[in-house]
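As structure tokens, the structure follows; a few thoughts come after it.
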Amino acid sequence: MTIQNTIESYIKKGFLKIYQIEIPSVEFQATRKEFKGDLTVVIFPLLRYIKGNPTEIGEKLGNYLLENVAEVINFNVINGFLNLVIEDGYFLKLFNLMNQNPTFGFESPKESDKAMMVEYSSPNTNKPLHLGHVRNNLLGFAVAEIIKASGKKVYKTQIINDRGIHICKSMLAWKLFGNGETPASTGLKGDKLVGNYYVKFDQEYKKQIAQFVEKGISEDEAKKTAPILLEAQEMLRKWENEDEETVSLWKKMNQWVYKGFEVTYKNLGVDFDALYYESDTYLLGKDVVAQGIEKGVFYKKEDGSVWCDLTDEGLDEKIVLRSDGTAVYITQDIGTAIQRVNDLKDVGGMVYTVGNEQDYHFQVLFLILKKLGFDWAKNLFHLSYGMVDLPSGKMKSREGTVVDADDLMVEMTETAKNISEELGKLDGYSEEEKNELHKIIGLGALKYFILKVDPKKRILFDPESSVDFQGNTGPFIQYTYARIQSIIRKATFDYSLEINELELHEKEREIIKLMSLFPETIQQAADNYSPAIIANYTYDLVKEFNSFYQNVSILGEENHQKKIIRVQISKKVANIIKQAFSLLGIQVPERM
RNA sequence: GGCCCCAUAGUUCAAUUGGAUAGAAUAUCAGAUUUCGGCUCUGACGGUUGAAGGUUCGAAUCCUUCUGGGGUCACCA
């Protein structure tokens, strides 16, 4: 039972006693720093039940609590806010409780609960991953970890877009201009090699269009009839007819790409539990369309195309099957969603990490699945995020104006190296260990930079100015962690004793209060699908610790009990930093 | 044009989901520390929360209109 619950029940009792009125709930908030107190009761909502002066009501309730709740040792009322001062013993108890629990804040999944499936990354296999994918991957991974920590089973998944005209484009360009190049022969990462040919296709295509236009053909016409495009379309037909040569080229080049992606994912620190390939799923959903017609959710037009009428919901009509009977994008998505629940029976909801340009698509998709009557359809969430812009504008793969994911990670590691060498705290580290450390810091900076902002907002990323290492940044937090580790290494005495009675320093109280919020912060982050909430909490905790560190002496403290609790607090703060950062996919170093 | 998202110190972000005097970082300036790591800490400066109305005891947050930016409105994915 938390103090909040206790106080809530006593306020209800007190209110009943003083005013003879029952109240359903009490609103709490943490007391603002500028006022005295630890917990605040907001009086205003109570005015609904009893007319009166909020200050007077606050005084009466405060007195009641003072008499009846042992932990409440003082109170004050300001502007309708009842601030309660809680005794130190309570905070000590609170601390000891969380200190005994090495996974404090993390809920283990309940067997009875349904699992969530989190989809992210979902790349095309015709080009390497870029900065936009990086945001997608970091967000998806972090949200998956957060949901897991909040007490739900999670499956991480991606759907690999391995077929379609865009894939054929790079295949064709390789066939025409590749001279049999392979990743081995060029020393290039497979995804890079294939990506180069995707760019090559586009260059050739543009050249042909220009030539046509010169001959007096309209641009629209030229775009449709450029020979290289027609050839790519022919290739797609061959692929769909399972032409042996085409399929084997497709397999070969996709393997190159997968090998390359594997490296990028590993460096990025993300992973998946289940993979789906569009080449396996692109025919799914057609049978569902038939069932949907029977149920009256869909209807057929004269030309044979099938539609869903969403005008009652304020949306448009949406096509779900072409007149020639083939599937469209949304048909696949309907089919794939159902397939996943069939594959993994305990899935009770899904999170789709996809950019906000597809907001409308997912609105429609979720609505259709609901109309089809799937009970899990109410637990679908589009984790929509804003674009990552460069100072030069939008990134375009076809034009090669992208920030490559691999290059970016290398650059960040380089920057970390330069900064860390100035500091020189790494005596005794081997080159290998140093490189590993620079990677941890560089990636920490990048990941934190991206995850600390609300997913919905667009990010401007300037590769020139790079990412900060000071202030509200990953390395700053990592640094604090490393410094705590340094203290712990030096604390060679036995500090395992549990302290139950001690007068706490103001900074100690503050930091215990903040640590105790970790569990609800995780829940809040999970409810909002927002890693930013974890990032900002961690930063607050670190700031509070630095202030504590500045104000009290830890190892130099003469009072043995105080010394013990300060080491314990430091260690627990480090532990929470590590846990919180693990949710963001960021590692913490022992030294830096 | 219809619909959706965004707009907060010079800059990058917060604001306990409707609560107290809108907070941090950064940059600039001034200071602290003989000490557990000088990537630390304490101050100062910086705001008509894009604009105007409305609801409320109380609005950055909710509603309406407008302005600016982005997205989306394919038998593409």
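Side chains are part of it too, since the values below use all heavy atoms of this structure and drop only hydrogens, waters and symmetry mates. Within every chain, numbering begins at 1; the chains are lettered A, B, ... in the order of the sequence lines, protein sequences first and strands thereafter. Everything numeric here is computed off the predicted structure, so don't read it as measured data.
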Per [X] side chain, nearest of listed nucleotides [options]:
X	options	result
A:K457	B:C36, B:A7, B:A24	B:A7
A:D454	B:C41, B:C5, B:A14	B:A14
A:E357	B:C36, B:U40, B:G71	B:G71

Closer than 4.0 Å, any side-chain N/O of [X] to the OP1 or OP2 of [N]?
X	N	answer
A:K452	B:A14	no
A:R458	B:G70	no
A:K456	B:C6	yes

Checklist entry - Which residue lies toward the 5' end of RNA chain B, A:F35 or A:K507, if each is placed at its nearest nucleotide? => result A:F35
Item to check | Earlier contact from the 5' end, RNA chain B, for A:E520 and A:V542 | outcome: A:E520
Next on the checklist: When you compare the ring of A:F81 with the six-membered ring of B:A20's base, are the centres less than 5.5 Å apart and the planes under 30° from each other?
Outcome noted: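 Stack criterion met.
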Checklist entry - Under 5.5 Å between ring centres and under 30° between planes: does that hold for A:Y479 against the base of B:C39? => result yes
Would you mind reading off the distance between [X] atom [atom1] and [N] atom [atom2], rounded to a whole angstrom?
X	N	atom1	atom2	result
A:N536	B:A24	CG	C1'	9 Å
A:R32	B:A20	CZ	C1'	6 Å
A:D540	B:A25	CG	P	11 Å
A:Y537	B:C13	OH	P	24 Å
A:I533	B:C13	CD1	P	17 Å
A:N83	B:G19	CG	C1'	12 Å
A:F476	B:G38	CZ	P	13 Å
A:K543	B:A15	NZ	P	13 Å

Item to check | Quiz item: A:N528 side-chain donor-acceptor pair to B:U17 base, under 3.5 Å | outcome: yes
Item to check | Side chain A:T40 and base B:A20 donor-acceptor under 3.5 Å | outcome: yes
Checklist entry - Got A:T125 and A:I167 here, is their nearest side-chain heavy-atom distance under 4.5 Å? => result yes
Checklist entry - Do A:I477 and A:T473 come close enough that some side-chain heavy atom pair is under 4.5 Å? => result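 No, every pair of side-chain atoms sits at 4.5 Å or beyond.
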Item to check | Polar side-chain atom of A:S486 near backbone of A:A482 as donor-acceptor pair, under 3.5 Å | outcome: no
Item to check | Face-on cation placement of A:R483 at A:Y549 ring, 6.0 Å and 45° thresholds | outcome: yes
Checklist entry - Expressed in whole Å, how much space separates the P atoms belonging to B:C36 and B:G19? => result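 Each nucleotide's P atom is 44 Å from the other's.
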Next on the checklist: Does A:R237 form a salt bridge (Lys or Arg N to Asp or Glu O under 4.0 Å) with A:E240? I'd like the steps, not just the answer.
Outcome noted: CA-CA 5 Å; A:R237 271 189 290 276; A:E240 283 182 357; over 6 Å; no
Checklist entry - Which part of the nucleic acid, if any, lies within reach of A:Y539 when heavy atoms closer than 4.0 Å are counted: base, sugar-phosphate only, or nothing? => result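 Sugar-phosphate only.
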Checklist entry - Is A:K301 paired with A:E317 through a side-chain N to carboxylate O contact shorter than 4.0 Å? => result yes
Checklist entry - Does the pair A:E544/A:K33 count as a salt bridge with the N-to-O cut at 4.0 Å? => result yes
Checklist entry - Should stems be defined as at least three consecutive Watson-Crick or G-U pairs with both distances under 3.5 angstrom, which of them involve RNA chain B? => result B:1-7 with B:67-73, B:10-13 with B:23-26, B:28-32 with B:40-44, B:50-54 with B:62-66
Which atoms of nucleotides 26-32 of chain B (N or O only) lie under 3.5 Å from a protein N or O atom, and what are those distances?
none

Report all interatomic pairs (protein N or O, nucleotide N or O of nucleotides 75-77 of chain B) with separations under 3.5 Å.
residue : atom : partner : partner atom : Å
B:C75   : O3'  : A:R322  : NE           : 2.9
B:C75   : O2   : A:S323  : N            : 3.1
B:C75   : O2   : A:S323  : OG           : 3.1
B:C75   : N3   : A:S323  : OG           : 2.9
B:C75   : N4   : A:D303  : OD2          : 2.0
B:C76   : OP2  : A:R322  : NE           : 2.2
B:C76   : OP2  : A:R322  : NH2          : 2.7
B:C76   : O5'  : A:R322  : NH2          : 3.2
B:C76   : O3'  : A:R322  : NH2          : 3.4
B:A77   : OP1  : A:R322  : NH2          : 3.0
B:A77   : OP2  : A:Y329  : N            : 3.1
B:A77   : O3'  : A:E278  : OE2          : 3.1

